[in-house]
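So you know, we letter chains A, B, ... as the sequences are listed, proteins then strands, and number each from 1.
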Protein chains: 2
Amino acid sequence: MGRWKPGAGDRLREAALSLYMERGFEQTMVADIAERAGVTARTFFRHFADKREVLFDDSSALEEKSLGVLAEVPDTASALDAVAAVLDAVARMVGSDRELARKRQAVIMANADLRERELIKLTSLSAALADRLRHRGVGEIEASLAAETSIAVFRVAFSRWVTATEDQDLPDVMRETLDRLRALAAAG
Amino acid sequence: MGRWKPGAGDRLREAALSLYMERGFEQTMVADIAERAGVTARTFFRHFADKREVLFDDSSALEEKSLGVLAEVPDTASALDAVAAVLDAVARMVGSDRELARKRQAVIMANADLRERELIKLTSLSAALADRLRHRGVGEIEASLAAETSIAVFRVAFSRWVTATEDQDLPDVMRETLDRLRALAAAG
């Protein structure tokens, strides 16, 4: 659902993340979130299907963005360069607010169901990427490997960025992590 | 649980996989599995905690084997070579019976909960590998990347092996897939 009423969606997201951190995800009710955000529960449901969606409502935008970027990568680019372009775009999307990302990550890591959901989100993104790479003419195996590798790089880079003590830009961390993977593969 | 009564565990596994394929995982009851294997439900529970464990009871053996192999890799080996040794050992363990593996894979792919469980199993293995690599002195980021990459290679290789029309050895497929990843990273 879009943010049809500017402000309320962001306030609800902030309120939800704070409450999930204070009380735990399970213990937080939609009514609590709405109250903290100063809106009604009905308004909550205009923005999010349920309290889990507050954490995962970027999934389809992320996939759409990734596939859109991939479509614009020149055919001459290598599979890994195509993946690098996708990672850069994704990093720009999810890397705009580190404080929010840090909270979200803490909430997800504290709950097994949410960790599973996050894993599934990334795996489904990987499958979609592999599919598109195949359509670009990348070989079956290389397409799967490049897509799975992009998830590996994303997970490692995101966790570095979120836990770093100093301020860093996620796109930079992402690029550096991919370079490290290249070096690792070259050395091995 | 170990196979304290030789034969019954394997018969139960065969019976369970066949039933999961015929009727679906959800629709199969422990009593059905026991009946097909010609044992009592009580015997089933001496071998497996529940019907899901039939599919995942190798998880701890797999992790133990992986960490054991890693401990024996010489310190001079690169992170990716260490991972290659682990993948080889894992391939030998899970690659002994392709027909069984194919059935297990089909059952898991048909059920969202089982797919999640499989993902979690691999992610937890990756975390354990990364931890041990760090203890070997591999840098924080390289350890995570090597471990995550090993899961990527495993997933791609396993799926290739299980779906291949001709007979192949999983360790060979695993090695070739890792080589392809190296080539991919070098080309990118």
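- Within the 4.5 angstrom heavy-atom criterion, no atom of B:Ser126 approaches chain A.
- Taken together through direct or relayed side-chain contacts under 4.5 Å among Ile, Leu, Val, Met, Phe, Trp and Tyr, B:Leu12 and B:Phe45 form part of one hydrophobic cluster.
- For residues 142-154 of chain B, the interface with chain A (any heavy-atom pair closer than 4.5 Å) comprises B:Glu142, B:Ser144, B:Leu145, B:Ala146, B:Glu148, B:Thr149, B:Ala152, B:Val153, sorted by residue number.
- In this structure, OG1 on B:Thr123 lies 4.0 Å from CG on A:Leu119, to the nearest 0.5 angstrom.
- The number of heavy atoms from other shown groups lying within 6.0 Å of NZ (B:Lys121) is above 12.
- Using a 4.5 Å cut-off between heavy atoms, B:Arg180 touches chain A through backbone and side chain atoms alike.
- A 6.0 Å sphere centred on CD of B:Glu22 holds more than 12 heavy atoms belonging to other residues, nucleotides or ligands.
- A:Ile120 and A:Leu67 fall into different hydrophobic clusters, where Ile, Leu, Val, Met, Phe, Trp and Tyr residues are linked whenever their side-chain heavy atoms come under 4.5 Å apart, directly or through other members.
- Annotation for B:Glu35: atom CD does not count as buried by contact number, only 12 or fewer foreign heavy atoms lying within 6.0 Å.
- Under a hydrophobic clustering in which Ile, Leu, Val, Met, Phe, Trp and Tyr are joined whenever their side-chain heavy atoms come within less than 4.5 Å, directly or via other members, A:Met21 and A:Phe25 fall into the same cluster.
- For residues 88-116 of chain A, heavy-atom neighbours of chain B at less than 4.5 Å comprise A:Glu116, sorted by residue number.
- Of all non-hydrogen atoms in B:Leu80 and A:Leu184, the two that sit nearest each other are CD2-O, 4.0 Å.
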